[in-house]
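These notes concern the structure reproduced below.
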4 protein chains.
Amino acid sequence: MSPLNKHQLNLIRDERREQIKQAALKLFARRGYPGTKTSMIAAEAGISEGLIFRYFKSKEELFTTLVQELMEEAEKETENLQYLSGSPYEQIKTLTQGMLDESSKYAFMFILRARKTGEIPEAAARILEQHSVDVVLDRLIPIFVQGQQAGEFSSGDPRKLLAWYFYIINCLILEEVEMEEYGLPDVDFLMRLLTNGKS
Amino acid sequence: MSPLNKHQLNLIRDERREQIKQAALKLFARRGYPGTKTSMIAAEAGISEGLIFRYFKSKEELFTTLVQELMEEAEKETENLQYLSGSPYEQIKTLTQGMLDESSKYAFMFILRARKTGEIPEAAARILEQHSVDVVLDRLIPIFVQGQQAGEFSSGDPRKLLAWYFYIINCLILEEVEMEEYGLPDVDFLMRLLTNGKS
Amino acid sequence: MSPLNKHQLNLIRDERREQIKQAALKLFARRGYPGTKTSMIAAEAGISEGLIFRYFKSKEELFTTLVQELMEEAEKETENLQYLSGSPYEQIKTLTQGMLDESSKYAFMFILRARKTGEIPEAAARILEQHSVDVVLDRLIPIFVQGQQAGEFSSGDPRKLLAWYFYIINCLILEEVEMEEYGLPDVDFLMRLLTNGKS
Amino acid sequence: MSPLNKHQLNLIRDERREQIKQAALKLFARRGYPGTKTSMIAAEAGISEGLIFRYFKSKEELFTTLVQELMEEAEKETENLQYLSGSPYEQIKTLTQGMLDESSKYAFMFILRARKTGEIPEAAARILEQHSVDVVLDRLIPIFVQGQQAGEFSSGDPRKLLAWYFYIINCLILEEVEMEEYGLPDVDFLMRLLTNGKS
DNA sequence: CATGAATGAGTCTTCATTCAT
DNA sequence: CATGAATGAAGACTCATTCAT
């Protein structure tokens, strides 16, 4: 009787849900939680405003869902750090490049902004608290120390240097301004922060 | 005749005005124009919400006043760049330090955020347009080139290197997160972006 | 000890009170109760805003006092109607002129506006209710009938004609617009409403 | 696809818009711009306060829209004056009757009040300035003069007599108080202002 | 399922009123 | 007594959310 069978409906549902999540991700990433109006999400997703609420109980749930899923992904990615290959320099560079890459840009931006701004739903805040950032740093320290020993990286407290370095990378991701003239600083330029500049 | 003379009243008015401006500066700097509620400004200034409107016609005027005054100050500061002393490295370092300094932090953050976000009152946007950022960069190029010749700075397009460098400094100012463990990256660390790392 | 003795203080008090009442009368008359801000009254009276409240407990009390006093005066004036002299035409004309006269303009306007607008304090409304407008009309009817018999006024229900006539006079008082070109209609013109136009 | 087609939605929108405009017209006409609260308009229209703002950007825009539309209509009506028929007396009477008629009452009252009170939005004031009232008067003068020659109207400066007459009509429209006993003065009564009273 | 009209709680702003001086 | 700075409750407007269609 119904023109669409159950399976087809599920496909539509999933697709719509994804569509909304993508739109929301981008907007929350750039504008934060309170700065993102549901009307903007609807416009970005190309749907009506009301429809969002058939897929997510509230703006809050939509946001929290995104936090949840992104953190799970991040967890997995963190695991994959061990499979980085090449010299220490190359490994860090690859990682950096990955972070600055268009494809994952909004995911990083979203999480970073959520962390920075206190202004997120309680539930989302709790999820974020469960996932420490330091884990990543810890994994990178051995690589960095190796690089120091190889003379690729400048000497100094590895933890501090990496913390500062990634702090800067994070800031760049968050700001995302398209520099009109020169574009984003390239990765080799950024890596100077870690090297002796001899390379 | 009057219980408080005119002079005393003016002092009170000026003080209140300043108090409101300081509170607003801090909040606008961190949260942007729409993200800052007048109730927050009142709370930060320790006054009632209504009082703001005896000193400023509207939230919009308060914001625009800040933009105006800060840009005038910036203009003056730009003039002072010529009086920087020391080696090129030291000059850039001093400048950087000044930008990251607590005392001027909110001023920079305010202007940077205003520029980045389109979401400011029309009037404020027009004031910002009148003041180019590139002026500062142009003033620094000769210094930088001198530093390159002296071997203090790495070679490369001076304009591009400086643009990238200050872009990063700007991002740091904008983000302002207190890194729990190590604090903000120190200036010598940041300056590695410009040097060969030999120093 | 005090530079002003009690008597002098009372003089000041009375004068100030009168000053405030005059200012308020004018403004309430023109703009009605809610349309008149206390700041306007203060400005019109040339005093500070706060001072009003040393002489009147509230805007409401100020308004109600005015209603009260004006109604008492009106009562007296109504008595005086019997002393009008001249022909019926002249008597009505004199009365009309008196109503349109600058000196009593605001008093009439005030009361008329108060009556028309429901938007006045409860207490004021109750005072107004106690004083019927019809009393005046009733007093005029004999005069008007006399005029009809004398051929000065056109025939017809005297009460209705007078009611309409004064309704129009009231409207003119209420509107008070300065007609640029010709000024307010003059009384003889208005009186045509009551006469045969033969005069 | 959509549950209501575009046409139906437009009907709803137009109807609501009209509903709001009617409610606003009535209230603005009676109470003026600042005296009319949006909550009153909502109540009068039988809708929620917020809904007004989906149809009009602001109270100001709602008011200005009304001014605009009413002035356009007035323009057309002014054109139609030439098609008045009957004797001069009948023509003026018809016109007067039209102005006092229930159906157009609020439109006249609205415009008259807007003109009288300076307290309207800038944009509305500018529209009003573009439309002179004198045009109507000028059109009526020939008719009136004809009536004078025919002995229907009393002699005297036609422009002045008409100005006074319509000034009074305007006042009546503005005041609109329902006279309990006798209702509004009827038109023949008012016309006595212009005639010799012989008729 | 999808739409967008409708609602109401919260923000910006005004204004009567209070109060320190 | 007189001032004007300060307050808070109410009006204008926005936006997440609901719901008839």
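Chain identifiers are assigned alphabetically (A, B, ...) following the order of the sequence lines, protein sequences preceding nucleic acid strands; residue numbering begins at 1 within each chain.
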Per the salt bridge (charged side-chain N to carboxylate O under 4.0 Å, His left out) rule, what does the pair list look like for residues 50-71 of chain D, sequence neighbours excluded?
D/Lys21-D/Glu69, D/Lys57-D/Glu61
When rounded to whole Å, the CZ to C1' distance for the pair D/Phe56 and E/dA5 reads 15 Å
Rounded to the nearest 0.5 Å, how far apart are CD of A/Glu18 and CD1 of A/Ile20?
10.0 Å
Any donor-acceptor N or O pair under 3.5 Å, side chains B/Glu49, B/Thr38:
yes
Can you identify which nucleotide, out of F/dA12, F/dA16, E/dA6, has its nearest atom closest to the D/Lys37 side chain?
F/dA12
Shortest non-hydrogen pair, A/Met71 vs A/Ile111, comes out as SD-CD1, 3.6 Å
Which stems, defined as runs of 3 or more consecutive Watson-Crick or G-U wobble pairs with both pairing distances under 3.5 Å, involve DNA chain E?
E:2-21 with F:2-21
Figure out the OH/P separation between B/Tyr33 and E/dT11, and round it to whole Å.
16 Å
Over how many whole Å does the gap from B/Glu15 atom CD to F/dG4 atom P extend?
18 Å
Please report, rounded to the nearest Å, how far the P atom of E/dT11 is from the CZ atom of B/Phe63.
20 Å
Taking the side chain of D/Leu51 as heavy atoms from C-beta outward, which of E/dA5, F/dA16, E/dA16 is closest to it?
E/dA5
From E/dA5, E/dC12, F/dC13, pick the nucleotide closest to the side chain of D/Phe53?
F/dC13
Whole angstroms only, please: what is the CE-P distance between C/Met40 and E/dT14?
13 Å
Atom CG of A/Leu62 and atom C1' of F/dA16 are separated, to the nearest Å, by 12 Å
If you find the nucleotide of DNA chain E closest to A/Glu49 and the one closest to D/Gly46, which residue's nucleotide is nearer the 5' end?
A/Glu49
Can a cation-pi geometry be assigned to D/Arg13 and D/Tyr55, taking NZ or CZ under 6.0 Å from the six-membered ring centre and within 45° of the ring axis?
yes
What is the separation between atom CG on B/Leu11 and atom P on F/dA5, rounded to the nearest whole Å?
12 Å
Any side-chain N or O of B/Tyr55 below 4.0 angstrom from OP1/OP2 of F/dA6?
yes
Go nucleotide by nucleotide along DNA chain F from the 5' end; which of D/Ser39 and B/Gly50 gets its closest nucleotide reached first?
B/Gly50
Among F/dT7, F/dC15, F/dT17, the one nearest any side-chain atom of B/Ser48 is F/dT7
Considering only heavy side-chain atoms of B/Ile12, the closest of E/dA5, F/dA6, F/dT18 is F/dA6
Does the plane of the ring in D/Tyr33 sit parallel, tilted or perpendicular to the ring in D/Phe63? Use 30° and 60° as the thresholds.
perpendicular
Can you check side-chain contact (heavy atoms from CB on, under 4.5 Å) on B/Lys26 and B/Gln22, steps first, answer last?
CA-CA 6 Å; B/Lys26 189 167 162 184; B/Gln22 285 316 313; over 6 Å; no
Sugar-phosphate only, base, or nothing, as touched by D/Arg54 at under 4.0 Å among non-hydrogen atoms
base
For atom CZ of D/Arg17 and atom P of E/dA6, their distance in whole Å:
13 Å
What's the spacing between C/Leu62 CG and C/Arg17 CZ if we round to 0.5 Å?
8.5 Å
Considering heavy-atom distances to DNA chain E, does D/Ile52 or C/Ser58 have its closest nucleotide positioned more toward the 5' end?
D/Ile52
Please determine if a side-chain N or O atom of B/Arg16 lies less than 4.0 Å away from the OP1 or OP2 oxygen of F/dA5.
no
Among the nucleotides E/dA16, F/dA6, F/dC13, whichever has the atom closest to the side chain of D/Lys59 is F/dC13
